[in-house]
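In what follows, a single structure is set out as structure tokens and then discussed.
Fair warning: this is a prediction, and the values are worked out from it, not measured in the lab. Numbered from 1 within each chain, the chains take letters A, B, ... in sequence-line order.
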Amino acid sequence: MAPKKKAGNGAVKAAQTAGKSAKTTSTAAAPTANPASGEPIERYNAPKCEQHWQKVWEERGIFNASNEDDRPKCYVLEMFPYPSGRIHMGHVRNYAMGDVLARYKRARGFNVLHPMGWDAFGMPAENAAMQNKVHPGKWTYDNIAAMRAQLKSMGLSLDWSREFATCDVEYYQHQQKLFLDMLQEGLIYRKSSKVNWDPVDNTVLANEQVIDGRGWRSGALVEQRELTQWFFKITEFADDLLRALGDLKDWPEKVRLMQANWIGKSEGMMLRWALDKKTAPKGFNELEVYTTRPDTLYGASFMAISPDHPLALVAAETNKELADFSDECRKLGTSAEAVETAEMRGFDTGLKAHHPLNKDWLVPVYVANFVLMDYGTGAIFGCPAHDQRDLDFANKYGLKVTPVVMPKDEDPKSYQITTESYTGDGLMINSHELNGMRPKDAFAKIADKLSAQKLGKAPVGKRQTNFRLRDWGLSRQRYWGCPIPIIHCDECGAVPVPAKDLPVILPDDATFDKPGNPLDRHPTWNKADCPTCGKAARRETDTMDTFCDSSWYFARFTDPNADTPTNKAAANYWLPVDQYIGGIEHAILHLLYARFFTRAMAKTGHLDGKLQEPFKALFTQGMVVHETYERSSNERSPTLSQSAPSPQKPEWLTPSEIRIEGEGEGRKAFALDGGDEIKIGSIEKMSKSKRNVVDPDDIIGHYGADVARWFMLSDSPPERDVQWTDKGVQGANRFAQRLWRLIHDAEQVIAAHDTPMPDKLSDCAQELHARAHRAIHAVSRNIELLRFNVAVAQIYEFTNILSSAIQISAQHADNTEYLSMDWALREATEFLIQAISPMMPHLAEECWARLGYNTLATDQPWPAIEEALLVDDMITIAVQLNGKRRAELKIARNANKDETEAAAMALEPVIRALDGRQPKKIIVVPQRIVNVVV
RNA sequence: GCGGACGUGGUGGAAUCGGUAGACACACAGGACUUAAAAUCCUGAGACCUAACAGUCGUGCGGGUUCAAGUCCCGCCGUCCGCACCA
């Protein structure tokens, strides 16, 4: 077997000459030949071939999964898209990855479920309705039709028979049933809570939709409003959601960590402090705080409560200054920037509290801007020495700082805290009975003591676990979402719509010309009779958060036509999803909500209780990034700057409006319209705002889906960002064309397809045979590990090997050495086609047909690997002198230590380097390395 | 501030266990074919030194463990991401 790249020009010529006389044996729609050009082979016409094979796959329905099948199951799922109207390169990358796995698993004999649907409810449809006077439903379904066609042009192995959109009544009616059952089970409740309210759009905004205190769309100052809303009791599962993260071994560590932080479990105590009767307002006898450091109780020097704490509200009624202070705190907002720059501020209420461990010790109560109302009790005790915030606060207001924990090697007499709090382990000091203890033990002692101590009739303290996770508010004041099936009756309150009256269907004749909720102002829809008493009542006009829709769609896919939310048999068969693939941006919300739904659905009997988690394995792929092109301000056309909302806003150009000249340092961009030089900006995620987008349609139309897919899979590790470049996609195209030519060349030298394996292979045939098996082995492994870029590299390597073998073989056709080569070449060629099949499925079909088959490459079982071929009899190991490589040693794999050492010592470079000296030590690791120490 | 990830040629990146660093690709250079270009094919290449052989250095920086470190340990530096007053 010749090493790669060693075939001389003679071989090339031989291969090309052979090519000229080739006859096409392809039974498939062969690309248009161009006999006039004299080219030996017509170029592979991807767009034309791809449509053909997509039709064949669809007609045969080969990707439609059966719910009854003896083969092992494999559920491959990519996060379903929002139907914005166009797919983008991020989708191409995401779905290409999932498709490789789905097709590979299918070839490995799995019953594969690979469905697709649409996350179809949401605000953009309503905004479109407002702006373009088109109904959200029509807008959405038109977008779905357009995107479906685009996805189909990618040639994905999807089971389209299971497709649905979450805005289909057939889907959301079941979601309403889930709502009712969860309500019944106590997993949904109603309460009043604070929301971000946009007074111009008359709607609630999510936190991420509030930018610098203003609505992202209207620009209006957002108000905090008290609204009665429905909540999922996700906190009921907080502990389990946290615990089970440990079982999700096939999830990225990063995502598990993010979720764990989000859930934010902390172990501490509730502590009740008696208020000094002389200072406390009427009705307030105590102040309850939550703390994780009861051990530092002797270091307490103040208490602080939120401006919204009931005690603060009452105190403010009789204290104008305090009321003003509280108002100011509320205005400051809670955005990240506001919090970071905000000064720590407090207001001494004049109230005092009795220290739980010493009644005579009075502690001042402040209202402070950094205390959150909705965590713990909205009140804290401050121990400045061991909490940085408390220390900053104490220093500002001249409060006492008493260290109560000290690092082991410090002197308690001189140990002081000034500007840096100490949060580490150590020994207790200044703490009476706790002195000398470790903080951990002091915690336990105080917890026991205060749990036994009474204040009034109840214990002073009690151990408590707190979570940062809050219940999930699901009400949205919008039209385009799943209606909440509730009727409000003046007599009976909030009454669930009886299951027999479902679905509650969105009215088609809503109006979108005004801001606010169209359901609210609908003339008839919101009128309904109370299911309990029959009196006239009002229908709930809030709809569900769209995150509800995506929290159980994976379960619905297992039987999308079931007349209950799930068909438990089907769900039991398919779930959990074996591999889920999507963007890291959903690390918390979507994935946490889906995990919650899985538990809630088990509790309401819609899923089997044995199903712990919805997604067995999760993979988060990186983004597709691209250069940006910015027209500098002095070149901006005057019309554009007038229409731009801000004169400072840069004008971005799309890659298709740009012409690039030069390479490397001298690389420059020019606008196609005027020829102006354009600044090449930073590489960023493809986005509409920066206009650095490449349209998948253009790429697929020009190069074909296979090339787009291949490029998205090669080079960059899938979890990292990939940069879209013209050179890159051209390289992928070159490879596709090269493969096509290679198959053409191979046709001339390979055995007929029913040729049995010869009894004995010549050396070079045996070598190729082994290389083919090793390549498939390596590709398999890397696909299973989702390391597509490495799998691609191995395919390149194998292609180089096969290409050389074909050329050499063509050159030596008469040499008896090469007699069994035709069989090995055929095997290798078929293996190569099968290896690319999951990634470039259309090209694989075209090549397969060209080899004389009328079966589908897609239907071929994955090549069976002969384990014996994976190891070589002869291996090359390195020989080092003092740890530096000095020579290579080719030796039998099974050579023992002595043989290896002897062979190594006989090597010329070793003898030369030793120069007659005796080696101090010789390390021999058979099959790995020899290291001679001089 | 807290938590995490990552630093390898001109570039994207390879390198199950500590065992030949730079696979594979892109870009580049030279050559073949061509009237020419495109396409294709061949060859070269981490840096330094050398005519060549040989040699020296080399995985962000500084230490350490080891016969042997991109990989393990300690300390820095840089980049990116997440959370953000969570008591």
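- Proximity of A/R787 to the phosphate of B/U16: no side-chain N or O atom is located under 4.0 Å from OP1 or OP2.
- Distance A/I877 CD1 to B/U20 C1': 10 Å, rounded to the nearest Å.
- A sub-4.0 Å separation between OP1 or OP2 of B/A27 and a side-chain N or O of A/R734 is present.
- At a cut-off of 3.5 angstrom, counting only N and O atoms as typed in the model, there is a donor on one side and an acceptor on the other between the side-chain of A/R470 and the base of B/C86.
- One can place CG of A/N261 at 14 Å from C1' of B/A5, the figure rounded to the nearest angstrom.
- If you measure from atom CD1 of A/I808 to atom P of B/C41, you get 16 Å, rounded to the nearest angstrom.
- Atoms CD1 (A/I929) and C1' (B/A69) sit 12 Å apart, rounded to a whole Å.
- Rounded to the nearest Å, the gap between the P atom of B/A87 and that of B/C76 is 26 Å.
- A/T725 has no side-chain polar atom (N or O) that falls below the 4.0 Å cut-off from OP1 or OP2 of B/G12.
- Straight-line distance between the C1' atoms of B/U8 and B/G60: roughly 10 Å, to the nearest whole Å.
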*Check the pair A/S306 / A/L372 against side chain to side chain contact (heavy atoms under 4.5 Å, CB included), numbers first and verdict last.*
CA-CA 6 Å; A/S306 161; A/L372 302 173; over 6 Å; no
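- Side-chain proximity of A/R885 to B/U20, B/G13, B/A87: nearest is B/U20.
- When the nucleotides B/U20, B/C85, B/G3 are ranked by their closest atom to the side chain of A/N369, B/C85 comes out on top.
- Between A/I380 and A/V722, it is A/V722 whose nearest contact on RNA chain B lies nearer the 5' terminus.
- B/C80 sits 16 Å from B/G13 when the P atoms are compared, rounded to a whole Å.
- A/R468 forms a cation-pi arrangement with A/W262, by the criterion of a distance under 6.0 Å to the ring centre and an angle within 45° of the ring axis.
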With side chain to side chain contact (heavy atoms under 4.5 Å, CB included) as the criterion, how do A/T292 and A/S266 come out once you've worked through the C-alpha distance, each side chain's angles and the decisive distance to 0.1 Å? CA-CA 7 Å; A/T292 54; A/S266 72; 3.9 Å; yes
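- Here A/R781 lies in heavy-atom contact (under 4.0 Å) with a base.
- In a base pair of the Watson-Crick type (N1 to N3 plus N6-O4 or O6-N4) or a G-U wobble (N1-O2 and O6-N3), with each distance short of 3.5 Å, B/A38 is matched with no nucleotide.
- We find that CD of A/Q259 is positioned 21 Å from P of B/C81, with the value rounded to whole Å.
- Base pairing analysis places B/A29 opposite B/U43; the two distances defining the Watson-Crick or G-U wobble pair are each below 3.5 Å.
- OP1 or OP2 of B/G13 lies within a sub-4.0 Å distance of a side-chain N or O belonging to A/R720.
- The side chain of A/N931 contributes no N or O atom lying less than 4.0 Å from OP1 or OP2 of B/G19.
- Annotated as anti: B/G10, whose glycosidic dihedral deviates from 0 by more than 90°.
- Not one side-chain nitrogen or oxygen of A/K254 sits closer than 4.0 Å to the OP1 or OP2 atom of B/C6.
- Spacing between atom CD of A/Q723 and atom P of B/G10 amounts to 18 Å, rounded to whole angstrom units.
- Applying the 4.0 Å criterion to OP1 and OP2 of B/A84, one finds that A/R468 has a side-chain N or O inside that range.
- Formation of a donor-acceptor pair under 3.5 Å by the A/T377 side chain with backbone atoms of A/E288 is found in this model.
- Rounded to whole Å, atom P of B/C24 lies 7 Å from atom CG of A/N800.
- In the region residues 289-299 of chain A, proximity to RNA chain B at under 4.0 angstrom, judged on heavy atoms, holds for A/Y290, A/T291, A/T292.
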